Q: 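Pasting in a structure now, in structure tokens, and then I'll have a few things to ask.
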There are 2 protein chains.
Amino acid sequence: MKYVTIGEAAARWNIPESTIRYYEKKGLLPFIERDEAGRRLFSERQMALFEIILCLKNTQMPIGDIKQYMDWVAQGDDTVDLRLEMMKKHKQAVQAHIDSMTESLAGIDVKIDRYTNQINQREEERK
Amino acid sequence: MKYVTIGEAAARWNIPESTIRYYEKKGLLPFIERDEAGRRLFSERQMALFEIILCLKNTQMPIGDIKQYMDWVAQGDDTVDLRLEMMKKHKQAVQAHIDSMTESLAGIDVKIDRYTNQINQREEERK
DNA sequence: ATACGACTTAAACCATGGTTTAAGTCAACA
DNA sequence: TGTTGACTTAAACCATGGTTTAAGTCGTAT
């Protein structure tokens with residue numbers, strides 16, 4: 001199996017190594033192996049798990065919740081229903097958040113329109 | 001003109017009074033008037049400004065940037081172009097953020113599908 | 001008159017999510 | 001053999017965005 005160092009993993013996801021170490025310390029990466037010298041080795045499985053962590057992070061799931069999820073992953077198939085429920089709930093929360101931002105964008109668009117008109121009118125008057 | 005106390009404003013936006021005071025301290029609310037006793041009085045104009053602050057907050061604009069925007073508002077019409085540019089940039093950033101979250105949601109959907117199938121299959125086998 | 005509720009302030013406190021630092025280990029190359 | 005470069009750790013540090021506390025001032029209803 002192909003293993004990847006922390007430096008390569010960091011480059012692959014374009015994040016600092018320190019962030020990966022921090023996530024591991026927080027319990028987000030329960031399966032990382034080490035070589036004889038104590039260096040982290042990331043397997044393909046590990047990289048795939050990291051990808052879902054990044055999806056959860058990117059959708060603002062708190063570290064503590066992601067840890068809960070990873071604990072369930074580590075526990076095995078008995079926790080599939082818990083994980084399913086968590087992902088469904090999270091999806092809904094994310095969708096609600098996106099909707100709320102989209103609404104706020106409408107308020108911002110009002111300003112953009114007003115400012116644009118104001119500037120155009122000033123142009124007119126300069127003529 | 002109708003004025004509103006901090007308590008009424010807080011209730012109207014459903015946020016703690018302390019948050020409003022914090023925003024004022026940070027320079028986000030440059031126009032708040034006070035009564036003889038030093039209590040804040042929010043005019044309709046103030047409430048409208050607050051609404052746009054909430055839009056910017058809700059779309060994750062940092063406090064410092066919102067302050068910059070409000071400083072420009074306070075400076076008057078000379079800063080309309082700066083404000084327009086800022087709002088346009090911000091809109092783009094927000095749209096990019098929404099797109100990125102939407103992509104992450106796809107990764108989460110993959111998990112939802114997998115878990116759902118796993119559970120259905122378990123159901124089948126129980127029969 | 002007084003007591004209550006709504007307000008005021010400055011300063012201390014807090015959680016979250018990292019980043020930085022200092023000191024050390026190891027493998028490989030010159 | 002020694003010196004890079006990539007890694008290791010624990011602990012300190014930081015920014016952001018508030019929240020809480022303590023002590024005090026009003027206006028008003030009893």
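This is a predicted model, so every value here is computed, not measured. The sequence lines fix the lettering, A, B, ..., with proteins before strands; numbering per chain opens at 1.
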Q: Going by the rule salt bridge (charged side-chain N to carboxylate O under 4.0 Å, His left out), which residues pair with A:Glu17 if we only count those two or more places apart in sequence or in a different chain?
A: A:Arg21
Q: Mind running a 4.0 Å heavy-atom check of residues 95-105 of chain A against DNA chain C and sending the residues that fall below it, in number order?
A: none
Q: From the 5' end of DNA chain C to its 3' end, which nucleotides mark the outer limits of contact with chain B, defined by a 4.0 Å heavy-atom distance cut-off (strictly under)?
A: C:dC7 to C:dT9
Q: Mind running a 4.0 Å heavy-atom check of residues 16-38 of chain A against DNA chain D and sending the residues that fall below it, in number order?
A: A:Glu17, A:Arg21, A:Arg34, A:Gly38
Q: When hydrophobic residues are tied together by side-chain contacts of less than 4.5 Å, even through go-betweens, does A:Leu54 share a cluster with A:Phe31?
A: yes
Q: Can you list, pair by pair, the side-chain donor-acceptor contacts under 3.5 Å of residues 99-108 of chain B, counting residues two or more places apart and other chains?
A:
unit_1, atom_1, unit_2, atom_2, d
B:Asp99, OD1, B:Gln95, NE2, 3.3
B:Ser100, OG, A:Asn58, OD1, 2.7
B:Ser100, OG, A:Asn58, ND2, 3.4
B:Thr102, OG1, B:Ile98, O, 2.8
B:Ser104, OG, A:Asn58, OD1, 2.9
B:Ser104, OG, B:Ser100, O, 3.4

Q: In this structure, are over 12 heavy atoms from other groups packed under 6.0 Å from A:Glu125 atom CD?
A: yes
Q: Where along residues 44-66 of chain B does a heavy atom come under 4.0 Å from DNA chain D, residue by residue in number order?
A: B:Lys57, B:Pro62, B:Ile63
Q: Report the C-alpha separation of A:Gln46 and A:Tyr3 in whole Å, then their side-chain angles, then the decisive distance to 0.1 Å, and conclude whether the side-chain contact (heavy atoms from CB on, under 4.5 Å) test is met.
A: CA-CA 9 Å; A:Gln46 199 42 237; A:Tyr3 285 99; over 6 Å; no
Q: Of all residues at least two apart in sequence or in a different chain, which pass the side-chain hydrogen bond (donor to acceptor under 3.5 Å, both in side chains) check with B:Thr5?
A: B:Glu8
Q: Among all residues two or more places apart in sequence or in another chain, which pass the salt bridge (charged side-chain N to carboxylate O under 4.0 Å, His left out) test with B:Asp109?
A: A:Lys91
Q: Of all residues at least two apart in sequence or in a different chain, which pass the side-chain hydrogen bond (donor to acceptor under 3.5 Å, both in side chains) check with A:Arg39?
A: A:Asp35
Q: What's the angle between the local helix axes at either end of the helix from C:dA1-D:dT30 to C:dA30-D:dT1, using five pairs per end and rounding to 10 degrees?
A: 20°
Q: How would you list, by chain and number, every residue that makes a salt bridge (charged side-chain N to carboxylate O under 4.0 Å, His left out) with B:Glu123, sequence neighbours excluded?
A: B:Arg126
Q: Aromatic rings B:His97 and A:His97: how do their planes relate, parallel, tilted or perpendicular, breaks at 30° and 60°?
A: perpendicular
Q: Between A:Arg122 and B:Asp81, is there a side-chain N and carboxylate O pair less than 4.0 Å apart?
A: yes
Q: Quick one: list whatever passes side chain to side chain contact (heavy atoms under 4.5 Å, CB included) with B:Ala9, sequence neighbours left out.
A: B:Val4, B:Ile20, B:Phe42, B:Met47
Q: What is the separation between atom CZ on A:Phe42 and atom C1' on D:dC7, rounded to the nearest whole Å?
A: 12 Å
Q: Verify the cluster assignment for B:Met70 and B:Leu41: are they in a single hydrophobic cluster under the rule of side-chain heavy atoms below 4.5 Å apart?
A: no
Q: Measuring from atom CD of B:Gln118 to atom OG1 of B:Thr116, what distance do you get when rounded to the nearest 0.5 angstrom?
A: 9.5 Å
Q: Let me confirm one number: the CZ-CD1 distance from B:Arg83 to A:Ile119, rounded to the nearest 0.5 Å.
A: 9.5 Å
